[in-house]
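Lettering of chains follows the sequences in order, A, B, ..., and the numbering in each one begins at 1.
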Protein chains: 2
Amino acid sequence: LDRLFKPRSIAVVGASPNPRSIGNLLLKRILDYGFQGRVYPVNPKYSSILGLKCYPSVSSIGEHVDLAIVVTPAEVAVKVAEDCAKAGVEYIVVASGGFKEVGARGAELERKLVEAARAGGARVVGPNCMGVYSPRGRVTLFEGFPREPGDVALVSHSGGMAEMIVMMLAERGLGISLLASTGNEADLTLVDFIEYMSRDEDTRVIGGYIEQVKDGRRFLEEARKAAARKPIVLMKVGRGEAGRRAALFHTGALAGMDKVLSAAFKQAGVIRAETLLELVEYCMTFSRLNPTPVRGVGVITGPGGLGVVLVDAVEQAGLKAPEFTEETKLKLREILPPVAGVSNPADLTLAMVRDIDLVRRAALILDKDPKVDVMMVGVAAVLTYSRQIAEEFAKVMSEAGEQCSKPLVAVCPHVGEAETHLRKLVQAGIPVYLTPESAASSLAALSAYHKAKMKLTSPEAAS
Amino acid sequence: LDRLFKPRSIAVVGASPNPRSIGNLLLKRILDYGFQGRVYPVNPKYSSILGLKCYPSVSSIGEHVDLAIVVTPAEVAVKVAEDCAKAGVEYIVVASGGFKEVGARGAELERKLVEAARAGGARVVGPNCMGVYSPRGRVTLFEGFPREPGDVALVSHSGGMAEMIVMMLAERGLGISLLASTGNEADLTLVDFIEYMSRDEDTRVIGGYIEQVKDGRRFLEEARKAAARKPIVLMKVGRGEAGRRAALFHTGALAGMDKVLSAAFKQAGVIRAETLLELVEYCMTFSRLNPTPVRGVGVITGPGGLGVVLVDAVEQAGLKAPEFTEETKLKLREILPPVAGVSNPADLTLAMVRDIDLVRRAALILDKDPKVDVMMVGVAAVLTYSRQIAEEFAKVMSEAGEQCSKPLVAVCPHVGEAETHLRKLVQAGIPVYLTPESAASSLAALSAYHKAKMKLTSPEAAS
């Protein structure tokens, strides 16, 4: 799929000078994002659009086209696919809707579309999709997406959900390596993309929003291989009756039995995110931390109450918040006020606000405790009241992150004025979670994937 | 508790001129927040603090003191309580720690403290607490709290969690009517506060962060009566082994059996919030909406994927997202593009971005559907890219809210540039949720409380 994510030339079929049309919008987005190769508007009605020469058909361009973006109505798209195939186009992204998701007639058009494309060796993304986003290839059909690449690859049946996930990740300071919005998946499916992304050097984790798994057997086989290479986190929707109906009308998806899929995911070593927030935060976790067994979580907080909430969440996620060793308790006693709890959580009390560096010193003490595998810091609301105090906190945290040998994470239910500094923390390798529950389940996922990967890459698994 | 939340005079015992001491900090906060009554610093070491005359003891003030705030070490606090009792002080807030939460010796001090206070008819809040916040009484011991009052009353065993919750509510445009941080609850307990708050005219909903229920029988009795008046939402922590240990070291709480409490809550008509986000969003829900049965939720979205996520969440929360009536579908077809799903969700597709008013028109159609009790709008990420588009969306939503007869809510997983406008929406009576799951469980809570209240206020319940 190299020429899909890093095309040398793009044709936009159905391009238009009308600024309110999708054919104008997508062409403009491609140009605005700074695509480096050649761009050819295609529409028999016009001779030039946005200052570029416009062609009546793809085959009339007379140059090799790596990627064609199609925004014409569904009926026309079939003819366009024939023309693209004739012209030797490698990939066709069909953005237009009106195919399988609208019923039997659309499904027939969809079948013909793929047939026409494949006859000439072209592969189809979509239809009913937003295509690809590839910051390193300087390609996007999405509005307002970041220029800075990252290490999270995404595959999504929904363009709108892809937007949501990319923006939620960007808010945490995380970027995308490759993104495919796959829509109805008439030809290329999520399995093809997962396979490709698992071998992409710039990708550390693969996330997905999915409405269906088309070929269960192939999915199991390929996902297993991909999961042996890197973590795959999927949010599978269409869980209940109404959800399945909604998925059907959205991308024509047959969502399938939810429990069966959960079992298949487990067997393949794929991590299931139960919620959108989990999907985003699991991706953040795997982007920043190496998979590792998490037997014990050591909690550090300013307000004691947040400490109780955090250890509760840790236990609810099936992890442990063990009582610290006597040595750890003694060392914590030396730096904390006499009223502070030192059992787990390490409760820094109000003393933290007067001396934020206590966070770092407590983290270093827990780092030496054999019962602790990850340190989790709860961020008090008072640390987010002003940018200045948030900056001071972030500084102490990144120092702690550098000095500790075990992973350090933060939980910040009230972001307030701290947003910029928390983003920098994530970029420095310290995940910052928005809820105690998603923080705890993220660490459980980190641990579960470590175990799954060991199993998938063991000599028995290979044979 | 009128004189606690609206005192005419306050003594700060342990006040200090040292700007890094808690005795200085709290005195300054009281003055800065604009308390209208008289303030008396008390400390035998000084003759004046922050420009106010300082007294050697409360009894030496020679005027009636409604409320004494005590920040001295635990050992001294017992003597102070004796002096307060002698001087006829009505309420003593003991902010200092070092009592039951540190073990047997502290527990003994705590017993003596209450004994001394009660001997003179004074009631104690705490110890180990942050006391009260009462915007209408112009009193707070907390830093940076809003001046604007609201209709959410809060009771919290943890001062730090109270801060977190208040700031999370403020971010949504919601204010507080009364707040009590109760710490170790040596005398006044959450039951006393719930009872008082349930009869407060400015309060629409009572929220609580609680680590223990001290007197189960009294709690059941009083919570039942209070819940018959208004909704009570409690987040009870200390759920597992580590959580119970953490609560013990935090406020000396015996967290008790989690399942027993869940059953007791249900019996009393108290709503349990499972997470901090739920606590905040349930409070938002009851502050903005009247309790109502929610049999069917009608979902409206721009990106179809978010629609699938929302109906999934609705079903997971035990509610229904029923297929719309044929009449509704026909009416939706008239305003939506032919590719749009109209079954539930109503999928506005990309057309929404070009014509945001579609949201209002779709809401008005669902408002007439007998299978829909609440309309839930999923906010696409693209609507949060700029303040301008967010403003336009908020305008359309508030118009829809005014024109619909059924409740309208929004779900906005990516806030982006929309924060200010979403806050205004909440203030206009339209709850905005941050996750699909908490939105759905909030509506389930709205419905469950309606049912519980009917039962609690039925003639049989009264007899």
* Side chain / backbone / both / neither for A:N344 at chain B, heavy atoms under 4.5 Å -> both
* Under 4.5 Å heavy-atom distance to chain B, tell me which part of A:E171 shows up: side chain, backbone, both or neither. => side chain
* Can you tell if the side chain of B:M164 reaches within under 4.5 Å of the side chain of A:P303, non-hydrogen atoms only? -> no
* Asked: Which residue out of A:A242, A:A246, A:A321, A:S156 racks up the most heavy-atom pairs below 4.5 Å with chain B?
  -> A:A242
* Among the options A:M161, A:H414, A:E274, pick out the one with the most heavy-atom pairs lying under 4.5 Å from chain B. => A:H414
* Asked: Which bit of B:L350 is near chain A, if near means a heavy-atom gap under 4.5 Å: side chain, backbone, both or neither?
  -> side chain
* Structure fact -> Assert top hit (heavy-atom pairs under 4.5 Å, partner chain B, pool A:E143, A:E323, A:M235, A:E101) equals A:E323
* To do: Using a cut-off of under 4.5 Å on heavy-atom pairs, state which of B:V309, B:L277, B:V314 scores highest against chain A.
  => B:V309
* Measure distances from B:E163 to the heavy atoms of chain A and classify the residue's part below 4.5 Å as side chain, backbone, both or neither. => both
* Heavy-atom check, side chain of B:L276 versus side chain of A:T435, under 4.5 Å -> no
* Pick one of side chain, backbone, both or neither for A:P322, based on which atoms fall under 4.5 Å of a heavy atom in chain B. => backbone
* Please examine the side chains of A:R354 and B:R20, heavy atoms only from C-beta on, and report whether any two atoms are closer than 4.5 Å. => yes
* To do: Spell out, as yes or no, whether a donor-acceptor pair under 3.5 Å connects the side chain of A:D312 to the backbone of B:V237.
  => no
* Side chain, backbone, both or neither of A:E437 within contact of chain B (heavy atoms, under 4.5 Å) -> side chain
* **Side chain, backbone, both or neither of A:Q316 within contact of chain B (heavy atoms, under 4.5 Å)** => side chain
* Greatest number of heavy atom pairs closer than 4.5 Å to chain B - which of A:V342, A:I22, A:V308, A:L434 -> A:V308
* Engaged part of B:V353 at the chain A interface, taking heavy atoms whose separation is under 4.5 Å -> neither
* Member of B:E241, B:R239, B:R244 meeting the side-chain contact (heavy atoms from CB on, under 4.5 Å) criterion with A:E315 -> B:E241
* Asked: Is atom CZ of B:R387 surrounded by more than 12 heavy atoms (other residues, nucleotides or ligands) closer than 6.0 Å?
  -> no
* **Residue A:R105 excluded, over 12 heavy atoms near CZ under 6.0 Å** => no
* Would you indicate whether the side-chain heavy atoms of B:Y209 and A:L306 approach each other to under 4.5 Å? => no
* Structure fact -> Applying a strict 4.5 Å limit to non-hydrogen atoms, the region of A:V297 in contact with chain B is neither
* Structure fact -> When the 4.5 angstrom heavy-atom criterion is applied to A:P413 and chain B, the contacting part is both
* To do: Select one option (side chain, backbone, both, neither) describing which atoms of A:I165 are under 4.5 Å from chain B's heavy atoms.
  => neither
* Asked: Should the heavy atoms of other residues, nucleotides or ligands under 6.0 Å from CD of A:E75 be counted, would the total exceed 12?
  -> yes
* Of all of A:G160, A:A381, A:S158, A:G341, which one pairs up most often with chain B through heavy atoms under 4.5 Å apart? -> A:A381
* **Leading residue by heavy atom contact count with chain B [cutoff under 4.5 Å; candidates A:T275, A:V166, A:N128, A:D347]** => A:T275
* Asked: Which one, B:A162, B:A74, B:S343, leads in non-hydrogen pairs under 4.5 Å with chain A?
  -> B:S343
* Asked: With only heavy atoms counted, which part of A:R245 is less than 4.5 Å from chain B, the side chain, the backbone, both or neither?
  -> side chain
